[in-house]
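First listed ligand is number 1; within each ligand, the first listed atom is number 1.
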Amino acid sequence: MSTSQGASNSNTYGYRNGNRTSLKTSNVKSKPTQRRNTTVIKDHTTVPGRVRVAVRLRPRIAEESVADADFADCVELQPELKRLKLRKNNWDGETYEFDEVLTEFASQKRVYEVVARPVVESVLDGYNGTIMAYGQTGTGKTYTLGRLGEEDTAARGIMVRAMEDIFADVSLETDSVSVSYLQLYMETIQDLLDPANDNIAIAEDPKTGDVSLPGATLIEIRDQQSFVELLRLGEAHRFAANTKLNTESSRSHAILMVHVKRSVKGRDVSHSNENGNHPHMIKSLKPPIVRKAKLVVVDLAGSERIDKSGSEGHMLEEAKSINLSLSALGKCINSLAENSAHVPFRDSKLTRLLRDSFGGTARTSLVITIGPSPRHRGETASTIMFGQRAMKVENMIKLKEEFDYKSLSRRLDIELDKLIMEHERQQKAFEDEIERLATEAQHRISEAERNYVDSLEKERSKYQKDYMESIKKIEEKVMLNQRKNEEPHIKSSVEIPKVSAEEMADLKKMLQKETLLRKSAEGETNNLKIQVAELKQSEASAKSEISKLHKILEDEAHQKDKLEGEIAILQSQLLQFSLEAGETRRQLNGGGFEKEVGCRDSLTSQVKHQQQASGNGEKPSIAKLFEQVGLQKILSLLEAEDVDVRIHAVKVVANLAAEETNQGKIVEAGGLTSLLMLLKTTQDETIHRVAAGAIANLAMNETNQELIMAQGGISLLSMTAANAEDPQTLRMIAGAIANLCGNDKLQTELRGEGGIKALLGMVRCRHPDVHAQVARGIANFAKCESRASSQGIKSGRSFLIDDGALPWIVQNANIEASSIRRHIELALCHLAQHEINAKDMINGGALWELVRISRDCSREDIKILAHRTLASNPAFQAEMRRLRLSH
Ligand code: ADP
Ligand code: MG
């Protein structure tokens with residue numbers, strides 16, 4: 001099955017997106033008109049899609065074959081031309097064109113493929129879809145939609161076949177399919193899956209406008225068999241309910257809702273960052289995407305007029321109610337077809353439920369069923385006209401895709417826990433390894449020491465023993481010699497030299513032996529010394545190994561810190577998301593513009609916001625975030641590669657900058673410079689808007705105002721204003737400049753760098769909030785200028801007049817919006833205080849405005865100021881005398 005964006009699928013089945021013109025001239029001319037009530041979102045997920053209409057002719061039934069035997073059918077079909085001729089008489093008739101013309105021979109399979117399959121495929125691709133049958137009772141609506149086909153597979157209707165296609169495409173591991181089945185009768189919705197539940201309310205999401213039935217039973221189904229059983233159960237309940245109410249099913253509308261929720265795989269992975277900056281983080285940041293689409297199949301009540309349907313005995317009340325929903329549907333389709341301003345969706349439950357199906361975001365396919373009998377020609381004609389009008393209804397089909405923040409949060413939690421566990425494991429392993437190495441080294445050292453002591457001892461005792469023996473031998477010899485010398489013997493004089501020579505030789509030998517022994521002992525000692533040195537060296541290397549391991553451990557700890565930092569940022573993103581969600585909610589509730597405000601006027605309301613937020617626990621979150629992530633880190637994210645990250649960061653900074661206590665820290669940390677840079681380095685309008693808002697908040701402080709000027713802030717703000725389209729961006733920029741306008745020291749520079757011109761340029765945007773900021777800036781500037789003139793610092797005409805502000809001032813001096821008017825009135829009073837401005841003011845019509853202000857300004861102080869100013873300016877006095885004006 002195709003996974004494309006859906007729009008083209010229908011081509012295969014002849015339901016084209018293009019428009020065609022009916023033979024019945026303007027009737028079917030469905031020009032692709034963009035409706036006022038459709039939000040045209042310029043993204044790839046929205047495509048225009050006209051309501052498709054097929055007509056199906058039921059074969060003659062037995063009774064008709066007899067009764068109408070002599071008459072021709074009231075219609076003649078030309079399926080190949082997709083035309084239907086409604087006979088007036090035998091020779092005349094009118095021809096209509098439909099998206100599909102299905103003859104009495106059309107198989108159920110063909111009807112499904114032509115009418116329903118494109119819608120079902122669209123639902124599988126994430127778009128809402130509607131399939132609806134309209135026609136007189138007995139023409140085959142239920143046959144077309146609801147047949148279970150258990151006795152004959154070929155007879156299966158659209159509901160059963162649609163579910164087969166859905167099950168063939170979804171994967172039950174990641175996707176889910178749930179079903180509700182309802183009946184709408186006399187403006188009451190009954191649950192066909194739980195008959196006790198017989199008065200279900202319709203809920204509307206104020207944000208998306210989506211309608212839902214929170215009270216209806218919603219059953220998740222996992223196979224075709226249980227779906228068919230559910231349909232059978234619903235049918236049985238419908239029968240029972242109708243018996244109880246004493247009516248027939250043809251008087252009620254049956255509505256099957258199939259909710260298909262699919263997760264979109266593989267999208268988040270494709271965002272990997274080539275520069276390798278934060279690939280890990282970027283991946284985790286993309287929440288998974290889910291597509292939630294709804295298929296609605298509606299078997300409408302019979303379209304015949306109540307008086308004709310043999311309804312004797314039925315109460316008028318019922319007649320009205322049945323007509324209410326169906327006639328409301330007819331009215332809505334008329335309004336939509338004629339593209340009229342109001343579509344009465346709210347007139348009935350049916351039209352409220354089908355709001356998305358006609359003129360909404362769903363792909364809608366309508367099958368109108370007709371019978372051949374000439375006796376019902378009137379009904380058939382009215383059914384055909386209904387179909388023709390429905391063909392003109394244009395929908396803007398929109399992908400129902402949303403981020404799955406819950407699962408992102410779960411994923412982040414799991415990731416965090418995994419990291420913590422892994423880190424703990426590694427730390428334990430390192431500690432164990434260090435302990436093992438330390439004991440091993442200790443063992444080796446003590447063993448070496450023991451060996452050394454042992455062998456030293458052995459050598460020493462051996463050497464001592466040898467030495468003692470030699471001494472003993474020498475002593476013996478000496479004794480022997482002495483004795484020989486004491487015995488005077490003739491022989492002795494001869495023998496002495498002989499004996500002593502032998503002994504000498506012996507002694508020499510012994511001495512040599514001793515020397516050798518000593519030398520070998522010395523060698524042994526040296527060896528042992530070397531061994532000791534070696535052991536010492538190995539001990540040292542063990543120590544260095546240990547310190548290396550210490551180092552690795554430190555690195556690991558560092559890495560952990562970094563990961564925790566990243567996690568904190570991820571948490572901050574999450575906070576930001578929820579903050580934004582809260583903000584959006586507030587905006588929706590209040591419908592206002594008070595977000596990221598940047599001027600004195602709205603500062604109070606902003607502080608209020610923050611206080612309210614703190615009630616919801618959002619402010620502590622920001623403070624926590626501030627602590628956890630650190631300002632420096634947040635500011636560094638302003639230069640991140642990824643635009644999303646930058647947007648989140650700038651929003652966080654803007655929210656921080658809204659609080660006076662943070663402003664000093666932000667400026668100190670270079671935040672102001674970074675925000676100004678963002679205006680230059682990025683093209684993203686959201687960033688521009690939020691950054692300008694933050695700058696406007698920072699610009700409330702005099703020191704910061706000078707910093708902004710010194711860093712070329714005026715030209716950056718002017719440039720951003722020149723390219724901006726969003727009124728909120730312009731409002732922030734105007735607010736920032738207006739704050740700068742109130743600084744006496746910056747007047748000349750501000751004007752010199754084009755600040756006034758930039759301010760005036762922004763009135764091209766008609767939004768009153770922008771105008772209010774421009775007016776405030778002008779008033780601030782006029783006030784400072786007037787002060788400078790009085791002190792003699794400034795001479796000459798007002799820069800405001802030089803820069804061409806007067807025409808706008810005069811034009812808006814009497815504007816209804818008081819937020820604009822007050823500032824302008826003040827500006828006029830300031831300008832009027834110096835005679836040098838008088839000529840231009842008179843020529844420009846400002847005098848009239850001043851006179852008006854002095855007469856009927858509702859603010860007493862301004863009124864008095866205007867009055868005094870006029871009285872004190874001789875030029876104005878002269879002109880007023882000339883004009884015979886008094887004040
Ligand atoms: P509806 O729901 O519009 O009141 P049904 O679907 O109940 O009409 O049809 C009325 C009768 O006509 C039923 O007996 C049905 O079986 C028969 N029928 C309707 N359409 C066809 C068709 N295309 N082929 C054969 N029989 C049909
Ligand atoms: Mg029916």
Identify the closest protein heavy atom to [atom]: which residue and atom is it, and at what distance?
| atom | answer |
| --- | --- |
| atom 7 (O) of ligand 1 | T142 CB, 4.2 Å |
| atom 10 (C) of ligand 1 | G138 O, 3.6 Å |
| atom 12 (O) of ligand 1 | R58 CD, 3.5 Å |
| atom 8 (O) of ligand 1 | G140 N, 3.1 Å |

Interatomic distance, I61 atom CD1 to T139 atom OG1 [nearest 0.5 angstrom]:
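Result: 10.5 Å between the selected atoms.
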
Between S365 and V115 (side chain of the first, backbone of the second, donor and acceptor by atom type, cut-off under 3.5 Å), is there such a pair?
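Yes.
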
Consider every N or O of Y143 and every N or O of ligand 1, then say whether any pair is closer than 3.5 Å.
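It does: an N or O of Y143 is found under 3.5 Å from an N or O of ligand 1.
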
Indicate yes or no: does an N/O atom of D299 lie under 3.5 Å from an N/O atom of ligand 1?
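So ligand 1 has no N or O lying under 3.5 Å from an N or O of D299.
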
Tell me whether the Mg ion (ligand 2) has T142 as a neighbour, meaning an N, O or S atom of it below 2.8 Å.
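So T142 does bind the Mg ion (ligand 2) by this criterion.
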
Could a heavy atom of [X] be found less than 4.0 Å from some atom of ligand 1?
| X | answer |
| --- | --- |
| T369 | no |
| Q136 | yes |
| R56 | yes |

Between E76 and R83, is a salt bridge (charged side-chain N to carboxylate O under 4.0 Å, His left out) present by the stated rule, with each step listed?
CA-CA 9 Å; E76 183 187 320; R83 283 180 195 164; over 6 Å; no

Evaluate the 4.0 Å heavy atom contact test for atom 20 (N) of ligand 1: does a protein atom fall under the cut-off?
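Given the 4.0 Å cut-off, atom 20 (N) of ligand 1 counts as touching protein heavy atoms.
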
Give me the one residue out of L124, I221, D175 that meets side chain to side chain contact (heavy atoms under 4.5 Å, CB included) with I166.
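The passing option is L124.
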
Take E164 and R156 through the test salt bridge (charged side-chain N to carboxylate O under 4.0 Å, His left out) and record every step on the way to the result.
CA-CA 11 Å; E164 279 167 0; R156 285 169 302 157; 2.6 Å; yes

Please indicate whether E173 has more than 12 foreign heavy atoms, meaning atoms of other residues, nucleotides or ligands, lying under 6.0 Å from its CD.
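12 or below, so no.
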
Under a 4.5 Å cut-off applied to non-hydrogen side-chain atoms, are D356 and V211 in contact?
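Result no, sub-4.5 Å side-chain heavy-atom pair not found.
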
